[in-house]
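Worth knowing before you read on, the calculation uses all heavy atoms, side chains too, and leaves out hydrogens, waters and symmetry mates. Whatever order the structure lists ligands and atoms in, that order sets their numbers, starting from 1.
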Amino acid sequence: MLYPQPARWCKALLACAMLLSSYAGAAEKLAHVTILATGGTIAGSGATSTTTVGYTAATVGVNQLIAAVPELAKVADVKGEQVFQIASENMSNEHWLKLAQRVNTLLAQPDVDGIVITHGTDTLEETAYFLDLTVKSRKPVVLVGAMRPGTALSADGPINLYNAVLLAASQEAVGKGVLVAMNDQIHAARDVTKTNTSTPDSFKTPELGMLGYIQGNKPYFYHVPARKHTADTEFDVSKLSALPQVDIVYGYANVGPVALNALVAAGAKGIVHAGVGDGSLATPVKAALVAARKQGVLIVRSSRVGQGIVARNGEANDDELDFVASDTLNPQKARILLMLALTKTTDSKQIQRMFATY
Ligand code: DAS
């Protein structure tokens, strides 16, 4: 038969219409995820396929990142914005304020269900925690990076980006705080840290544990963050154009007060001391910290050790010295909480409460 009967035409047209409507329906059901690109290795390129160190970070734009992973279209309706294009060792307070303000503006829109931020791995944990304390929404915000540039054999960026978008599009990620998706794992912003200079399994949450996995196109959560975050935060950066200057001094054998005194003289409003052990203070440094406190500088005792609680009144009499203990926050994260705390108060007792809350 050359031409099908009209009845068959109708059946064929009906089948096509149903197929198209199912695709359209599926597309309608996909969550709307915005990818904010900031640079880093995930946007990096190397000279050869075996260049996994010594490549150039922050060379590939957000549209190229999205085009390189067509599978994204199966898990979300994705849009991209190039917010910055930097290696993350150059991330600044100003970058953080701009990013937090953009995230909050987007999440207030009903047509945005989640956000993915592509980021260099060097300060990814810091940006994640800053946003954990400043995002005013329960919608998912997921940070993602790569330990190898996209030009390398077994580049980890594409699958990390796919997993991050899938997570940001999921209902499971709602209300869990800012998340980090790396190496098929889901980490909480507060506790994740970069533990290796170059291997793909670099991001870990030592002792306190990661939240779950992304496997077989699905997120699996086994834990939830215990501390306050995002929608429950008391910090508001919406009208800020700068943050108080807070610096970190490192403890080690034979340390003296020169670096500390220079930072205080340069106008630091807060100092985080990355002490040896349980936040111990070498005698000459303790004297300089006491003098700084008398000038109104807020002092937080943290530890270079990386795990465990820095106990209040443990290695130093914080009550007498009017210092703050960092709880389990590592020095770089204690700095972020102290900076935000100083936008609200200089009362050390209030700030200690904040370290017990977030
Ligand atoms: N320089 C590193 C950064 O941008 C590259 C990376 O690991 O992302 O953080």
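Closest to atom 2 (C) of ligand 1, if we only count protein heavy atoms, is D122 OD2, 3.3 Å. Protein heavy atom closest to atom 7 (O) of ligand 1, with residue, atom name and distance, is T121 OG1, 2.4 Å.
The number of heavy-atom neighbours closer than 6.0 Å to NZ of K218, taken from other residues, nucleotides and ligands shown, is above 12. Shown here is Q215, whose CD atom has no more than 12 heavy atoms of other residues, nucleotides or ligands within 6.0 Å.
At least one N or O atom of E89 sits closer than 3.5 Å to an N or O atom of ligand 1. For ligand 1, one of its N or O atoms has an N or O atom of S88 under 3.5 Å away.
Close approach of ligand 1 to G40 (heavy-atom distance below 4.0 Å) involves ligand atoms 4 (O), 8 (O). Interface atoms of ligand 1 facing A87, defined by a heavy-atom separation under 4.0 Å, are 4 (O).
The pair K136-D236 does not count as a salt bridge, with every side-chain nitrogen at least 4.0 angstrom from each carboxylate oxygen. A salt bridge links R190 with D327: the closest approach of a Lys/Arg side-chain nitrogen to an acidic carboxylate oxygen falls below 4.0 angstrom.
The heavy atom nearest to atom 5 (C) of ligand 1, considering only T41, T38, V53, is found in T41.
Side chains of Y358 and E234: a donor on one and an acceptor on the other come within 3.5 Å.
Evaluation of the side chain to side chain contact (heavy atoms under 4.5 Å, CB included) rule for A341 yields I351, M354 as partners, not counting sequence neighbours.
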